[in-house]
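Below is one structure; the comments refer to it alone.
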Amino acid sequence: MRPEAPAVYRRSLLERLGLRELLTQPSRMVLRHLGHRPVKSALSVLGIALSVGILMTGRFQPDTVNFMMHLRYDLAQREDLSVTFVEPTSRRALYDLVSLHGVRYGEVFRRAPVVLRFGQHSHRTMIDGRERGGHLQRLIDADTGRPVELPSQGIVLTGYLADMLGLSPGDMVTVDLLEQQRTVQVPFAGRVSQTVGTSAYMDIRALNRLLREGNAISGAYLSIDPRYANEIYSKLEEMPRVAGTVVRAQEIRNFRNTMEETMLFYTYVATVLAGVIAFGVVYNSARITLTERSRDLASLRVLGFTRGEISYILLGELAIVTLVAMPLGLYLGRGLCWFIASSLQSDLYRVPLILEPDTYAFAAGIVLIAAALSALAVRRRLDRLDLIAVLKTRE
């Protein structure tokens with residue numbers, strides 16, 4: 001039958017540091033109550049921080065895709081049209097293409113299917129032979145964003161493929177030329193970081209010498225005048241040696257449409273989910289605090305505290321919890337994004353960790369809005385607090 005002992009409150013950290021005089025009486029109440037139940041406060045901080053992290057995982061994927069598209073279509077692939085021949089042909093075919101009305105410039109390429117082997121590792125891919133110093137197709141390093149000049153001798157591999165084969169600079173790579181059923185040894189000349197594919201690159205002249213075929217090409221990259229695009233397409237369809245064409249603008253459009261259908265939906269779901277979590281954590285914490293402290297707050301009202309002052313005491317705790325959770329949530333969100341990016345490494349693509357400032361701002365803004373809505377909902381309940389009912393003592 002003994003009544004519950006009064007709660008024991010101790011001075012907060014700021015007070016122990018000598019800043020007591022800078023704190024108002026309601027502020028000291030807020031800090032002391034947060035320190036009274038540290039586990040509850042820590043769990044509230046963790047819940048809000050996780051909601052920030054979930055929001056960041058939804059936003060980081062469009063950032064990553066935009067970065068990958070910038071590397072691929074703005075820096076590396078700058079041609080308007082690529083033409084592939086039915087079979088390797090003479091370099092003179094480039095002049096036939098460049099002579100078409102509306103074609104401004106052209107560069108050739110040679111592709112050869114191969115199997116690369118080193119030790120017990122092997123991988124089937126294509127050697128992409130390019131002209132050194134090309135303007136339409138450039139080999140861009142994803143880590144630096146700068147063009148990589150192909151050496152006159154040797155083979156350059158993507159970093160992922162080089163690690164897969166276990167290659168180090170100076171090693172000799174065994175190359176099975178599938179077109180000629182012949183095996184040769186090629187020095188490993190270096191690596192380039194790329195986000196898509198597991199390709200091998202050589203200077204086109206070095207590849208031609210390796211294949212013993214003179215100046216053969218597999219196709220060409222063209223820069224064209226858009227006004228004559230339809231005329232150029234029609235003439236290419238009439239050429240018997242042309243196997244196919246790829247229009248860069250259409251390729252970009254298809255890629256964006258695919259990404260919008262998948263990633264935008266995921267972003268929407270992640271945003272709604274994280275917003276609900278943030279609102280639920282903050283509102284639940286506020287409702288529990290209001291239920292636990294309704295008698296104390298009503299007593300303060302009776303003693304002369306205004307509604308604004310008791311609202312400051314209650315909502316000040318929520319504000320501190322939310323502000324403390326924000327930097328932790330941004331840190332956790334970056335860790336979650338890094339984990340997702342690391343788990344998506346494959347032969348097809350490697351996802352870099354790209355987080356733009358607006359991603360951080362978006363995640364923080366949504367959680368702050370959810371916290372503000374929670375505070376408004378609790379404030380309405382606080383304004384309707386029945387002083388007589390909460391001050392009644394059960395017999």
Side-chain angles (χ1 to χ4, degrees), residues 69 71-116 124-140 150 155-156 158 161 175-181 194 196-226 228-255 258 347-349:
M69 292 190 64
L71 281 179
R72 185 174 180 85
Y73 296 112
D74 295 337
L75 299 181
Q77 299 180 6
R78 304 192 295 179
E79 77 281 358
D80 298 315
L81 181 68
S82 63
V83 179
T84 304
F85 298 125
V86 175
E87 59 183 4
T89 187
S90 171
R91 187 185 180 91
R92 290 193 298 270
L94 173 65
Y95 305 120
D96 296 335
L97 296 175
V98 175
S99 64
L100 295 176
H101 186 59
V103 176
R104 297 169 175 168
Y105 176 69
E107 293 175 0
V108 298
F109 64 87
R110 176 71 171 100
R111 295 197 182 114
V114 297
V115 174
L116 303 179
R124 180 166 180 165
T125 184
M126 300 280 290
I127 295 182
D128 189 350
R130 300 183 179 183
E131 292 187 291
R132 299 180 67 192
H135 300 288
L136 298 182
Q137 274 279 338
R138 302 189 301 173
L139 190 59
I140 301 296
L150 288 172
I155 189 170
V156 174
T158 61
L161 179 55
V175 181
D176 296 333
L177 303 173
L178 301 182
E179 288 182 348
Q180 302 176 353
Q181 299 297 315
Q194 288 193 325
V196 178
T198 52
S199 301
Y201 302 94
M202 291 184 68
D203 174 59
I204 189 169
R205 292 176 178 82
L207 181 58
N208 287 151
R209 289 193 298 269
L210 186 69
L211 296 171
R212 301 173 182 174
E213 60 183 8
N215 293 325
I217 62 175
S218 299
Y221 302 111
L222 303 178
S223 173
I224 66 174
D225 189 332
Y228 305 102
N230 293 331
E231 179 183 345
I232 294 172
Y233 300 155
S234 299
K235 291 183 177 179
L236 289 175
E237 289 178 356
E238 297 173 357
M239 293 183 175
R241 287 183 298 178
V242 174
T245 59
V246 177
V247 181
R248 175 174 171 271
Q250 185 63 41
E251 185 179 1
I252 295 175
R253 191 178 302 112
N254 293 339
F255 186 83
T258 302
D347 294 356
L348 296 177
Y349 56 84

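All values below were derived from every heavy atom in this structure, side-chain atoms included, with hydrogens, water molecules and symmetry-related copies excluded. The residues of the chain are indexed from 1 along the displayed sequence.
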Short question: side chain of [X], backbone of [Y] - any donor-acceptor pair under 3.5 Å?
X: T125; Y: T198; value: yes
X: E107; Y: H135; value: yes
X: Q181; Y: L178; value: yes
X: R132; Y: D203; value: no
X: E251; Y: V246; value: no
X: R248; Y: Y73; value: yes
X: R138; Y: L75; value: yes
X: N208; Y: A216; value: yes

Grab the two heavy atoms, one from [X] and one from [Y], that are nearest each other, plus how far apart they are.
X: L211; Y: Q180; value: O-NE2, 2.6 Å
X: G102; Y: Y228; value: CA-CD1, 3.8 Å
X: M126; Y: P113; value: SD-CA, 3.5 Å
X: P240; Y: V86; value: O-CG2, 3.8 Å
X: L161; Y: S199; value: CD2-O, 3.9 Å
X: G106; Y: L136; value: CA-CD1, 4.4 Å

Item to check | Heavy-atom neighbours of R104 CZ exceed 12 at 6.0 Å | outcome: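 More than 12 within 6.0 Å, yes.
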
Item to check | R205 atom CZ, neighbour heavy-atom count above 12 within 6.0 Å | outcome: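 Open.
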
Checklist entry - Checking side-chain contact (heavy atoms from CB on, under 4.5 Å) for the pair I204/I217: CA distance, chi angles, key distance, verdict? => result CA-CA 9 Å; I204 189 169; I217 62 175; 4.3 Å; yes

Item to check | Step-by-step side-chain contact (heavy atoms from CB on, under 4.5 Å) determination, M239 to L100 | outcome: CA-CA 12 Å; M239 293 183 175; L100 295 176; 3.9 Å; yes

Checklist entry - Stepwise, does the salt bridge (charged side-chain N to carboxylate O under 4.0 Å, His left out) test hold for R130 with E79? => result CA-CA 14 Å; R130 300 183 179 183; E79 77 281 358; over 6 Å; no

Checklist entry - Can you tell me how far CD1 of I127 sits from OH of Y201, rounded to the nearest 0.5 angstrom? => result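 Rounded to the nearest 0.5 Å, the OH-CD1 separation comes out at 12.0 Å.
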
Checklist entry - Given D80 and D225, is the side-chain contact (heavy atoms from CB on, under 4.5 Å) satisfied, shown in steps? => result CA-CA 9 Å; D80 298 315; D225 189 332; over 6 Å; no

